[in-house]
Q: 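Before I ask anything, here is the structure I am working with.
All residue numbers refer to positions in the sequence shown, counting from 1.
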Amino acid sequence: MSSNLATVLGCLTNGPASRAELARNTGLTKATVSSLVGELVALGLVRDTPDSVRGPTGRPATLVSVSGDHTAAIGLEVNVDYLAAGAVDLEGRLTHDRLVPADCGRASPTSTIGRLASMGAAVSRALSTEQRRLVGVVVAVPGLVSQPDGRVLTAPNLGWSEVALHDQLTDLMARRGVEIDADRIWVDNEANLAALAHVRAMRQQSIRSFLVVSGGVGVGAGVVSDGKLFRGSHGFGGELGHFVVEPGGRRCRCGNHGCLETIAGETSLRRLAGPRRRVDAPWLDAVAHRARSGDGRVLSGLGRVGQALAVALSAAVNLLDPEAIVLGGCFAALAPWLEPTLRDSLG
């Protein structure tokens, strides 16, 4: 796709617009925009809407919007205790969604990647049946990922080190009949991808610098500065989970003691749910229910989690000066009990 086509399409991801508005927003001429919109319509990426907008003079202008009817991308996720696969169309609608319990922390990388490839291939076949064109695959993983080769350098909670995830997945999906170029398969840290997913929504609130703190077995942070993902000089920015909040505390899988994830990670949070539950059981619902019921043990535990998060986030705020902090993953469900401590600590 040409850069001008991508520019026009990018503008439309912010919402419907008239051709005149697109010309003003892109700096292109009206004639050029009309030609580009025609190409995008032919590609099935945009469509004219029934809506129109009236300008100060002349007849009402027809609005153009993105169309999710013909294209979709696949999202895959590797986590410690599950694998997930889904598809999202160009309008941001989740059209397929599947999560399966999996002990990825004990399984070999080869076995895990094989299962992930099979799930991705199943979604691809479903898209083909619906006559939707597959335009990309994005893979989220809880670890440090080398760019642009998609190699997982280390993922302590998975026990992975130097795993060529991109290359292995590309090969296995091709063997399963998925026709997509290797450069359209992207592997990244799950917190980074969560941050990128928030960029558009935050832009609509005029927020350009923020943190997304994602709670899972590990604790990750995606850092967005001036509307762009901050990766650091080596691509490993945002490793909040291994910020030491309790020196001499419990040993973390990374080898240090007292890391944030030893207190605020999913392993600790699950203990608040009560008796041991299956991997696929709604343990978060149980924790939230006990908290709402005033369970002292749970409220005390969540208070400790909030304090540990506050210590780490205070340092991050002082260093990065973000406009907002977004709680994601299991932290989102527990936000009513975490936010008071965070607000008191962060001001």
Q: Quick check on the hydrophobic clustering: are Val135 and Leu9 connected, directly or via other members, by side-chain heavy-atom contacts under 4.5 Å?
A: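 Per the 4.5 Å side-chain linkage, Val135 and Leu9 are not co-clustered.
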Q: Going only through I, L, V, M, F, W and Y residues with side-chain contacts under 4.5 Å, is there a path from Leu320 to Val213?
A: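 Yes; tracing contacts between hydrophobic side chains, which count when under 4.5 Å, links both residues.
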Q: Test of understanding: with side-chain contact (heavy atoms from CB on, under 4.5 Å), list the residues that count as partners of Val100, not counting sequence neighbours.
A: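 So Val100 forms a side-chain contact (heavy atoms from CB on, under 4.5 Å) with Leu83, Arg98, Arg115, Met119.
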Q: Considering only Ile, Leu, Val, Met, Phe, Trp and Tyr, and joining two whenever side-chain heavy atoms are under 4.5 Å apart, list the other residues clustered with Leu94.
A: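 In the cluster with Leu94 are Val88.
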Q: Would you kindly confirm whether Val245 and Leu211 end up in one hydrophobic cluster when ILVMFWY residues are joined by side chain heavy atoms under 4.5 Å apart?
A: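 Yes.
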Q: Using the side-chain contact (heavy atoms from CB on, under 4.5 Å) criterion, which residues pair with Ala288? Sequence neighbours excluded.
A: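 Ala288: side-chain contact (heavy atoms from CB on, under 4.5 Å) contacts with Arg292, Trp337.
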Q: Listed by chain and number, what are the side chain to side chain donor-acceptor pair (under 3.5 Å) partners of Thr29, not counting sequence neighbours?
A: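 Scan of Thr29 (side chain to side chain donor-acceptor pair (under 3.5 Å), adjacent residues dropped) gives Thr32.
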Q: Among all residues two or more places apart in sequence or in another chain, which pass the salt bridge (Lys or Arg N to Asp or Glu O under 4.0 Å) test with Asp344?
A: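 Applying salt bridge (Lys or Arg N to Asp or Glu O under 4.0 Å) to Asp344 gives none.
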Q: Testing the basics here: between Thr62 and Arg19, what is the closest heavy-atom pair and its distance to 0.1 Å?
A: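 Minimum heavy-atom contact is O-NH1, 4.0 Å.
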Q: Compare every heavy atom of Met202 with every heavy atom of Val326, then report the nearest pair and how far apart it is.
A: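 That closest heavy-atom pairing would be CG2-CE, 4.0 Å.
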Q: Tell me which donor-acceptor pairs under 3.5 Å the side chains of residues 120-134 have, and how far apart each pair is, sequence neighbours excluded?
A:
residue, atom, partner, partner atom, Å
Thr129, OG1, Arg125, O, 3.0
Glu130, OE1, His96, NE2, 3.4
Glu130, OE1, Arg132, NE, 3.1
Glu130, OE2, His96, NE2, 2.9
Arg132, NH1, Gly68, O, 2.5
Arg133, NH2, Leu43, O, 3.3

Q: For the residue pair Ser65 and Pro16, what are the closest heavy atoms and their distance?
A: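 So the two residues come closest at CB-CG, 4.0 Å.
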Q: Supply the atom-to-atom distance Leu260 CG to Leu313 CG, rounded to the nearest 0.5 angstrom.
A: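 If I round to the nearest 0.5 Å, the distance is 7.5 Å.
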Q: Nearest 0.5 Å, what's the SG-CG distance between Cys259 and Leu240?
A: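 Taking SG in Cys259 and CG in Leu240, the distance rounds to 10.5 Å.
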Q: Side chains of Cys330 and Trp283: does their closest heavy-atom pair fall under 4.5 Å?
A: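 SC-SC contact between Cys330 and Trp283 confirmed.
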Q: So Val80 and Glu266, side chain to side chain contact (heavy atoms under 4.5 Å, CB included) or not? Walk me through it.
A: CA-CA 10 Å; Val80 176; Glu266 184 180 310; over 6 Å; no
Q: Under 4.5 Å between side-chain heavy atoms, hopping through other hydrophobics if needed: is there a path connecting Trp186 to Val78?
A: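 Per the 4.5 Å side-chain linkage, Trp186 and Val78 are not co-clustered.
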Q: Determine whether Leu144 and Asn189 make a side-chain contact, defined as any pair of heavy atoms from C-beta on separated by less than 4.5 Å.
A: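 Heavy-atom side-chain distance check fails, nothing below 4.5 Å.
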Q: Quick one: are Leu158 and Val152 in side-chain contact, heavy atoms under 4.5 Å?
A: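 SC-SC contact between Leu158 and Val152 ruled out.
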Q: Check the hydrophobic clustering (I, L, V, M, F, W, Y; side-chain heavy atoms under 4.5 Å; chains of links allowed) and say if Val163 and Val141 are grouped together.
A: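 Val163 clusters together with Val141.
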Q: For Phe210 and Pro322, work out which heavy atoms get closest and say how close.
A: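 So the minimum-distance heavy-atom pair works out to CA-CB, 3.9 Å.
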Q: I need the Asp69 CG to Leu90 CG distance, nearest 0.5 Å.
A: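 Going from CG on Asp69 over to CG on Leu90, the span is 10.0 Å.
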Q: The criterion is side chain to side chain donor-acceptor pair (under 3.5 Å); which residues satisfy it with Asp226, sequence neighbours excluded?
A: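 Counting only residues at least two positions away or on another chain, Asp226 forms a side chain to side chain donor-acceptor pair (under 3.5 Å) with Arg208.
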Q: To the nearest 0.5 Å, what is the distance between CZ on Arg343 and CG on Leu338?
A: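 Taking CZ in Arg343 and CG in Leu338, the distance rounds to 12.0 Å.
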Q: Taking Ser293 for its side chain and His289 for its backbone only, find out whether a donor-acceptor pair lies under 3.5 Å.
A: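 Answer holds: yes.
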Q: Would you check, one step at a time, whether the test side chain to side chain contact (heavy atoms under 4.5 Å, CB included) holds for Ile263 with Ser268?
A: CA-CA 6 Å; Ile263 299 173; Ser268 295; 5.5 Å; no
Q: I want to check something: taking the side chain as every heavy atom from C-beta on, are Val178 and Val137 in contact at a cut-off of under 4.5 Å?
A: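 A side-chain contact is absent here, since even the closest heavy-atom pair is not under 4.5 Å.
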Q: Quick one: which residue pairs count as a side chain to side chain donor-acceptor pair (under 3.5 Å) with a foot in residues 162-171, not counting sequence neighbours?
A: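 Non-adjacent pairs meeting side chain to side chain donor-acceptor pair (under 3.5 Å): Arg151-Glu162, Asp171-Arg175.
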Q: Taking the side chain as every heavy atom from C-beta outward, state whether Val145 and Asn192 have any pair of such atoms under 4.5 Å apart.
A: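 In short, these two side chains do not touch, never coming nearer than 4.5 Å.
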Q: As a quick check of understanding, evaluate side chain to side chain contact (heavy atoms under 4.5 Å, CB included) for Ile74 and Ile180, giving each step before the final call.
A: CA-CA 11 Å; Ile74 291 176; Ile180 187 167; over 6 Å; no
Q: Can you tell me if Glu190 uses its side chain to pair, donor with acceptor, with the backbone of Pro142 under 3.5 Å?
A: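 No; judged by distance alone, with no hydrogens or angles, the pair does not exist.
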Q: Do side-chain atoms of Asp188 reach the backbone of Ala140 as a donor and acceptor pair under 3.5 angstrom?
A: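 Side chain of Asp188 to backbone of Ala140, a donor-acceptor pair under 3.5 Å: no, none is there.
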Q: What is the distance from atom CG of Leu309 to atom CZ of Phe331, rounded to the nearest 0.5 Å?
A: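 The CG atom of Leu309 sits 4.5 Å away from the CZ atom of Phe331.
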Q: Partners of Lys30 by side-chain contact (heavy atoms from CB on, under 4.5 Å), sequence neighbours excluded?
A: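 Result, side-chain contact (heavy atoms from CB on, under 4.5 Å) vs Lys30: Ala20, Ala23.
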Q: Shortest non-hydrogen contact from Cys11 to Leu22?
A: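 Residues Cys11 and Leu22, closest heavy atoms: CB-CD2, 3.8 Å.
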Q: Quick one, Leu5 and Glu39 - any side-chain contact, counting heavy atoms below 4.5 Å?
A: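 Leu5 reaches Glu39 side chain to side chain.
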Q: Which heavy atom of Val46 sits nearest a heavy atom of Val37, and at what distance?
A: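 Residues Val46 and Val37, closest heavy atoms: CG2-O, 4.0 Å.
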Q: Going from CD on Glu77 to CG on Leu116, what distance comes out if it is rounded to the nearest 0.5 angstrom?
A: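 That separation rounds to 9.5 Å.
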Q: Would you please name every residue forming a side chain to side chain donor-acceptor pair (under 3.5 Å) with Ser108, sequence neighbours left out?
A: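 Scan of Ser108 (side chain to side chain donor-acceptor pair (under 3.5 Å), adjacent residues dropped) gives none.
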Q: Do Asp181 side-chain atoms and Asp183 backbone N/O form a donor-acceptor pair below 3.5 Å?
A: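 Checking the backbone N and O of Asp183 against the side chain of Asp181, no donor-acceptor pair under 3.5 Å is found.
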Q: Decide yes or no on side chain to side chain contact (heavy atoms under 4.5 Å, CB included) for Leu269 and Leu334, but give the supporting numbers first.
A: CA-CA 10 Å; Leu269 287 170; Leu334 301 175; 4.0 Å; yes
Q: Give a yes or no answer on whether the side chain of Ser67 reaches the backbone of Arg47 with a donor-acceptor pair at less than 3.5 Å.
A: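 Not confirmed, Ser67 side chain does not pair with Arg47 backbone.
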Q: Would the distance check show the side chain of Arg251 and the main-chain N or O of Gly255 forming a donor-acceptor pair, the cut-off being under 3.5 Å?
A: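 Yes, because the side chain of Arg251 sits within donor-acceptor range (under 3.5 Å) of the backbone of Gly255.
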Q: Please identify each residue that fulfils side-chain contact (heavy atoms from CB on, under 4.5 Å) with Gln204, with sequence neighbours left out.
A: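 Partners of Gln204 under the side-chain contact (heavy atoms from CB on, under 4.5 Å) test: Arg200.
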Q: Sequence neighbours excluded, which residues qualify as side chain to side chain donor-acceptor pair (under 3.5 Å) partners of Arg297?
A: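 In terms of side chain to side chain donor-acceptor pair (under 3.5 Å), with neighbours along the sequence ignored, Arg297 is linked to no residue.
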